[in-house]
Amino acid sequence: MEEKELLPHLFRTEYQKMVSVLCYTFGIEHIEVAQDIVSDTFLSATEVWSIKGIPENPPAWLYTVAKNKTKNYLKRDSLFEKKISEEIRYTTLASEQIEIDMSQKNIADSQLAMIFTVCDPSISNESQIALALNLLCGFGIQEIADAFLTNKEVVYKRINRAKEKLKEAKIKIEQPSKLAINMRLETVLTTLYLLFSEGYYSISQNTVLRKDLCAEAMRLNYLLVENEDTNQPQVNALLALMCFHASRFEARTDDNGELVLYEDQDESRWDRKLMERGEYFLNEAASGDKLTKFHLEAGIAYWHTHKEDTPEKWENILDLYNHLLILEYSPIAALNRTFALAKTNGKEQAILEAEKLNLTTNLFYHSLLGNLYSDLDDKKALAHFEMAIVLAHSSSDKSLILKNIKRLKKEG
Amino acid sequence: MNEFLLVFRRDYQTREDQPSPDQMQEHFKNWKNWFGSIAAQDKLARPLQRWDGEGKVVNHDKTILNGPYAEIKESIGGLIVIKAANYEEAAEIAKSCPILELGGNVEIRMAL
């Protein structure tokens, strides 16, 4: 890899590792110090490597420099020395010299501790995601702003407020106990799920960025799978779900960046390897006696990796949606269930069920009914699509609905 | 919105009135879809609960009988609590309850 590509790559992979280890060592009070030291390390790398060339082992070089910078910082900053090094000494049992442990094991432990810190229930979901992207994924403020379609200012404030809250609440960055894992794992998984969805369903046109978000969510989820205590069935289920969805990433947008509907996707562009990974994690998830929404959603996503319409496929999807709704209602699940019902029991019955849903202000309610009425009652279908257009915000939603309207008008 | 208890009863005893395994399979599917339909309307007020089929009955003379059967042949197959505006709406939902396919009935009671 050339230096030009190497540094951004290392930034993505190593930034968060070093920040995690330093935060884990310093505690929540000094997140900014940790981030500054690591940023400074990368700055040094840019300078030194352009003169002396790329070192033999770039990550090791970064770790060593970060360690030295930390030591210098501690020596220089007497206040920090007084306040923090005592704490550190206390935790590392009074070693004279502060050791920054950059071993694989400590990196993994630190990252796990940081995931649980960032997903603390004291901060909102939005802030959790922004903070996760910043601290755990090495995303810059601008990138996060792009992903959320907002400006730097908002993200900056959001992240700082979240950090302040964590500090105020004196959240400890520590290895979560088994009890803490059991109590908080669901929150952590929800944050990862939202992070993934942010990338997968984002209306941002930046495909590269969106793919990065999904990849980061999967990487963090994978960290949980690799840890013995967090390697639980629902964690595997969520990872399976992400793999199945991600397998269609390439096929679901066309060359113009417009959304391609599932039925119209080119199956050959689906990523087989990811589908297989998904199946592996779904099997891993099939233990224990807890059936979570992640299991059910992973099951639904699994059946969607079979392109062909078979009665078996849709019976299973319908059944999984029934379960999912009984477990936890959501409008989108209710609409998707009705779509599956149309596949198993016919459009007429699905229309009756759809009209009971009482979601008349929902864009997808109208596009579903538009689809169900198409060929049965084109007039009604058109009326629903026209309602959908009014409710649509994003240009990709609008253009999809317009396609349907055009098709109906051509046939009618 | 009010909450309504729906109690499903049918005759589980009379041999000739019991469904065949094939019918039973179809019947189960209808139950799942009926529950799914209520949940999709966000009208499920409580999580679903499964009930054991064995049961016992305590009579007025304090004798205890095995089985869920009192003097009548019908017994409770299950119950759910739903959200509905009034008895009319609750009855409308109960009309598509699969217990009716097997000659059963649904008793509806509003929660106070």
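So that the names make sense, note that chain A is the first sequence line, chain B the second, and so on, each numbered from 1. Just the heavy atoms: all of them, side chains too, but no hydrogens, waters or symmetry mates, feed the values below.
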By side-chain contact (heavy atoms from CB on, under 4.5 Å), B:Asp52 pairs with (sequence neighbours left out) B:Glu54

Listed by number, the residues in residues 320-340 of chain A that come under 4.5 Å of chain B (heavy atom to heavy atom) are A:Asn322, A:Leu325, A:Ile326, A:Tyr329, A:Ala334, A:Arg337

So does B:Tyr87 have more than 12 non-hydrogen atoms from other groups sitting under 6.0 Å from OH? yes

field: Over 12 foreign heavy atoms within 6.0 Å of CD, B:Gln25
entry: no

Taking a cut-off of under 4.5 angstrom between non-hydrogen atoms, the residues of residues 352-369 of chain A near chain B are A:Glu353, A:Lys356, A:Leu357

Crowded around A:Glu126 CD? As in, over 12 foreign heavy atoms under 6.0 Å? no

More than 12 non-hydrogen atoms from neighbouring residues, nucleotides or ligands closer than 6.0 Å to CE on A:Met183, yes or no?
no

- [ ] Please check if atom NZ in A:Lys290 has more than 12 non-hydrogen atoms from other residues, nucleotides or ligands closer than 6.0 Å.
- [x] no

Give a yes or no on whether A:Asp289 atom CG has more than 12 heavy-atom contacts from other residues, nucleotides or ligands under 6.0 Å away.
-> no

_Crowding at NZ, A:Lys343 (>12 non-hydrogen neighbours, <6.0 Å)_ = yes

Those residues at least two apart in sequence (or on a different chain) that pass ring pair (Phe, Tyr, Trp, His ring centres under 6.0 Å) with A:Tyr302 are A:Phe244, A:His306

